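Residue numbers start from 1 in every chain, and the chains themselves are labelled A, B, ... in the order their sequence lines are given, proteins ahead of strands. Being a predicted model, the structure only gives us computed values, none of them experimental.
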Amino acid sequence: MPEWHDELNDRQLEAVTYKDGPLLILAGAGSGKTRALTYRIAHLIYERGVAPYQILAITFTNKAAAEMKERVGQLLGLDAPEVWVSTFHSTCARILRREAAHVGYGRDFAIYDTADQRELVRDILAELRWDAKKFPPPAFLAAISTAKNELLRPEEFARRAAARSGDAWAERTARVFRSYQRQLERNNAMDFDDLIANVVRLFEEHPDVLAAYQRRFLHVLVDEYQDTNHAQYRLVRALAAAHRNITVVGDDDQSIYAFRGADTRNILEFERDYPDAHVVKLEQNYRSTVTVLQAANSLVGHNDMRKPKELWTENEQGEPLRYYQATDQRDEAAHLAYSLAGLRQQGEALGDCVVLYRTNAQSRLVEEALTHFGLPYQVVGGLRFYDRKEIKDLIAYMRLVLNPADAVSLHRVINVPRRGVGPATWARLVQLSEDEALPILDAMGRMAQEGTGLPGPTRQALRDLSAVIGELRAASETARPDDVLEALLESTGYRRELEQENTMEAAGRLDNLDELARLAGEHAVGAEDPSLRGFLEQVALVSDIDSMDDEATDRVVLMTMHTAKGLEFDNVFLIGLDETVFPHERSFGTKREIEEERRLCYVALTRARRRLFLSSATMRIGFRGESEPLMPSRFLAELPPHLVQVIGRGGRAAGHLGSAQLARQMAAGGAIGRRARPVVSWQDAAAAGQMAADAVTVARGAGAPRATGPAAMTEQDLPGPGEKVRHSKWGEGTVVSVAKRPDPADSEITVAFPGLGIKRLVAGFARLEKLS
DNA sequence: GTTGATAATCTTTTT
DNA sequence: GATTATCAAC
């Protein structure tokens with residue numbers, strides 16, 4: 001036995017070394033489930049003589065895939081073991097390209113993301129003259145996605161809808177579904193659901209193809225099995241049907257993707273599907289302190305629809321959870337910043353701290369607070385790099401080079417930069433493409449050639465565009481993605497337009513495009529499929545977490561609780577524990593949804609190795625300046641009260657959550673420790689927060705706290721309107737206005753930098769140098 | 001027909 | 001507080 005068997009406990013060893021056949025690993029949070037899977041792969045190769053390329057491992061994210069592959073390599077002493085480790089979507093995309101002939105799609109099909117899907121549905125609604133407000137595209141897309149997960153085609157869906165006559169909504173959906181699918185096919189494009197569904201169909205309709213993959217993959221392993229949907233379930237079932245060497249790992253308490261079709265029955269009924277399945281439960285937690293684990297167990301125990309299990313640990317008791325009830329969300333963010341500063345004072349690395357929230361929008365105030373108090377951070381998710389306008393534009397151009405039928409992409413860029421192409425010209429183009437059954441790009445070529453009724457400049461611009469893409473297309477099979485990108489940037493005039501704009505915003509976009517070029521170049525030399533095709537596929541299927549760099553840069557990480565799945569940190573800050581925020585008001589409808597929110601909370605709590613900081617606010621300030629009251633989240637009441645220390649506004653411990661007095665105070669909606677008062681500026685927040693940070697630090701005897709805030713200033717240090725100043729990064733500029741604050745360091749100075757634009761700066765941070 | 005500017009309208013979670 | 005619908009001018 002290789003020495004790494006010593007690193008496993010008995011249960012883990014049982015899972016890792018189990019003989020062939022169906023195996024279910026039910027594992028709690030922090031019990032090392034991905035680790036068990038990784039070691040099992042290594043074991044299969046090392047001990048059982050399975051060839052690496054005969055193993056298929058499916059993970060939840062590309063990042064997890066990369067890590068697992070690397071780890072298997074380390075265990076075996078190999079650089080790049082040929083194990084196929086990949087996500088469902090990447091796996092399916094690869095299979096579909098390989099088997100394109102059987103699927104009825106060109107192998108250069110595009111992969112449409114949510115935005116592309118919405119675009120298609122919007123067009124369909126416009127054509128049907130249905131009001132997009134009364135019938136929002138996302139509602140149709142959700143219904144279509146559900147249907148696709150059940151492997152329903154539009155015709156079958158329509159038949160069922162018609163059978164239930166009177167269901168007007170289903171009939172409408174059926175119409176949209178049919179047009180939507182027809183458009184996708186016309187555009188030679190698939191959405192995320194098609195990637196899976198088309199492989200399932202391929203396997204079910206071509207037994208010979210399936211048999212070839214069954215022979216190829218002697219072992220199939222799936223991580224995060226509780227988050228698979230029905231189509232994925234059928235895919236796995238088909239692949240494993242012949243040899244039944246299937247290993248799945250999951251935890252029903254961590255199922256948080258039901259909203260996109262994940263079905264926990266897949267894991268709960270595994271033993272029904274495979275009566276000879278061997279089941280291994282991993283219940284020892286290696287990650288968290290006793291306190292963290294007790295809190296999480298107590299919370300998730302309030303769910304009815306679950307398999308009871310109780311995690312335990314040999315780790316130390318640890319510190320109590322800390323809960324701060326802020327007056328409003330600004331106060332909450334400020335307190336968070338000061339707690340972080342306090343932790344840093346104690347010698348904790350910011351890189352070991354994470355801030356988790358329910359919705360991406362909540363990151364904004366946190367970012368403002370962290371910036372204001374000078375704490376470095378990294379946001380994961382939200383606006384993905386690939387979601388930025390300029391990036392999407394260039395991706396659209398690149399997609400067109402590969403796939404001339406991609407109408408969504410052409411529509412996006414046909415008038416960027418301006419070519420004098422508006423809605424009327426576009427409508428004619430679509431008409432021509434449909435009448436002549438031409439790919440949209442060819443239709444454009446013909447229209448520019450014949451040019452009937454087009455304004456001269458428009459016609460010339462379209463002709464140029466057509467030539468540019470045509471040339472690149474001719475070379476697309478062998479060209480490097482970074483070269484294609486560079487050629488497009490130049491010859492479409494995209495770069496020139498941005499350069500001429502000469503604003504800071506345009507400069508930022510150019511930077512982003514440079515970054516895209518860097519990524520494309522990296523892909524060209526390092527990737528398995530270095531082609532343009534491979535690059536675009538990668539771009540469509542990476543998630544934001546995949547690109548999170550875990551280099552030892554010392555900064556706080558901000559992300560949603562969903563994104564945090566599978567990760568762990570020493571210190572976890574959970575903000576926004578308010579009813580309607582978390583649990584989110586949109587989940588109030590059914591018990592099922594509330595239980596999913598509770599599982600999400602469970603996932604969030606169990607990310608923590610050592611400390612948990614919770615906070616909520618008593619009111620929220622809407623954007624019209626109106627304040628609405630908030631109630632503390634029900635999840636707070638579901639934690640063992642004696643484990644939760646309540647921190648007052650002055651930073652002192654006010655007692656435990658269970659004390660009757662605190663409970664009354666909270667029920668009355670009052671912030672604890674001091675009378676509730678809205679915090680309108682970071683100045684106010686700083687005053688309250690500083691006290692909190694002092695108290696935390698003093699309580700731990702860690703010496704005097706040092707504010708990470710702005711440099712001290714007097715009113716005389718402030719420049720006046722019209723004065724010239726120098727900024728370390730942006731150079732010389734002229735002061736437009738100064739908004740004074742009680743502390744001059746907090747004042748906001750608006751400065752115009754010639755050629756760069758107008759920038760608002762906080763006096764204490766910007767360290768502006770007066771020139772006059 | 002196209003462009004630029006103003007007005008209205010929301011805000012879950014994601015491969 | 002950012003994206004999208006609508007409208008008036010070019």
Distance in angstrom units between [X] [atom1] and [N] [atom2], rounded:
{"X": "A:Gln226", "N": "B:dT15", "atom1": "CD", "atom2": "P", "value": "15 Å"}
{"X": "A:Leu429", "N": "B:dG1", "atom1": "CG", "atom2": "P", "value": "14 Å"}
{"X": "A:Glu367", "N": "C:dG1", "atom1": "CD", "atom2": "C1'", "value": "14 Å"}
{"X": "A:Gln254", "N": "B:dT14", "atom1": "CD", "atom2": "P", "value": "17 Å"}
{"X": "A:Ile196", "N": "B:dT15", "atom1": "CD1", "atom2": "P", "value": "13 Å"}
{"X": "A:Glu537", "N": "B:dT15", "atom1": "CD", "atom2": "P", "value": "16 Å"}
{"X": "A:Leu356", "N": "B:dT12", "atom1": "CG", "atom2": "C1'", "value": "15 Å"}
{"X": "A:His411", "N": "B:dT2", "atom1": "NE2", "atom2": "C1'", "value": "13 Å"}

Among [options], the one nearest [X] by side-chain distance:
{"X": "A:Asn415", "options": "B:dT13, C:dG1, B:dT3", "answer": "B:dT3"}
{"X": "A:Phe259", "options": "B:dT14, B:dT15, B:dT2", "answer": "B:dT14"}
{"X": "A:Ala424", "options": "C:dA5, B:dG1, B:dT13", "answer": "B:dG1"}
{"X": "A:Tyr257", "options": "C:dA5, B:dT12, B:dT14", "answer": "B:dT14"}

Just to be sure I understand the rule, does A:Asn360 reach a base, reach only the sugar-phosphate, or reach nothing, if contact means heavy atoms closer than 4.0 Å?
sugar-phosphate
Just call it for A:Pro455: base, sugar-phosphate, or nothing, with non-hydrogen atoms closer than 4.0 Å on any strand.
nothing
Under 4.0 Å between a side-chain nitrogen and a carboxylate oxygen: does that hold for A:Arg418 and A:Glu497?
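No, no charged N to carboxylate O under 4.0 Å.
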Are A:Arg358 and A:Glu597 ion-paired here, with the side-chain N under 4.0 Å from a carboxylate O?
yes
Could you work out, with ring-ring contact (aromatic ring centres under 6.0 Å, His included) as the rule, every residue matching A:Phe582, not counting sequence neighbours?
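ring-ring contact (aromatic ring centres under 6.0 Å, His included) list for A:Phe582, sorted by chain: A:Phe635.
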A:Tyr213 vs A:Phe203 aromatic rings, parallel, tilted or perpendicular, using cut-offs 30° and 60°?
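Rings of A:Tyr213 and A:Phe203: tilted, 30 to 60°.
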Residue closer to the 5' end of DNA chain B, A:Arg358 versus A:Arg419 (nearest nucleotide):
A:Arg419
Of A:Ala540 and A:Thr359, whose closest DNA chain B nucleotide lies nearer the 5' terminus?
A:Thr359
List for me each residue that meets side-chain contact (heavy atoms from CB on, under 4.5 Å) alongside A:Glu596, sequence neighbours excluded, and say none if there are none.
A:Ala258, A:Phe259, A:Arg599
Think [X] has a side-chain N or O under 4.0 angstrom from the OP1 or OP2 of [N]?
{"X": "A:Ser90", "N": "B:dT15", "result": "no"}
{"X": "A:Arg418", "N": "B:dT2", "result": "no"}
{"X": "A:Thr61", "N": "B:dT15", "result": "no"}
{"X": "A:Thr114", "N": "B:dT14", "result": "no"}

Can you check the distance between B:dT12 and C:dA5, where both ends of the measurement are the C1' atom (answer in whole Å)?
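After rounding to an integer number of Å, I get 24 Å for this pair.
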Tell me which residues in residues 582-600 of chain A lie within less than 4.0 Å of DNA chain B, going by non-hydrogen atoms.
A:His584, A:Arg586
If only side-chain N and O atoms count, and only distance matters, is there a donor-acceptor pair under 3.5 Å linking [Y] with [X]?
{"X": "A:Asn149", "Y": "A:Asn229", "result": "yes"}
{"X": "A:Glu99", "Y": "A:Tyr105", "result": "no"}
{"X": "A:Glu390", "Y": "A:Asn512", "result": "yes"}

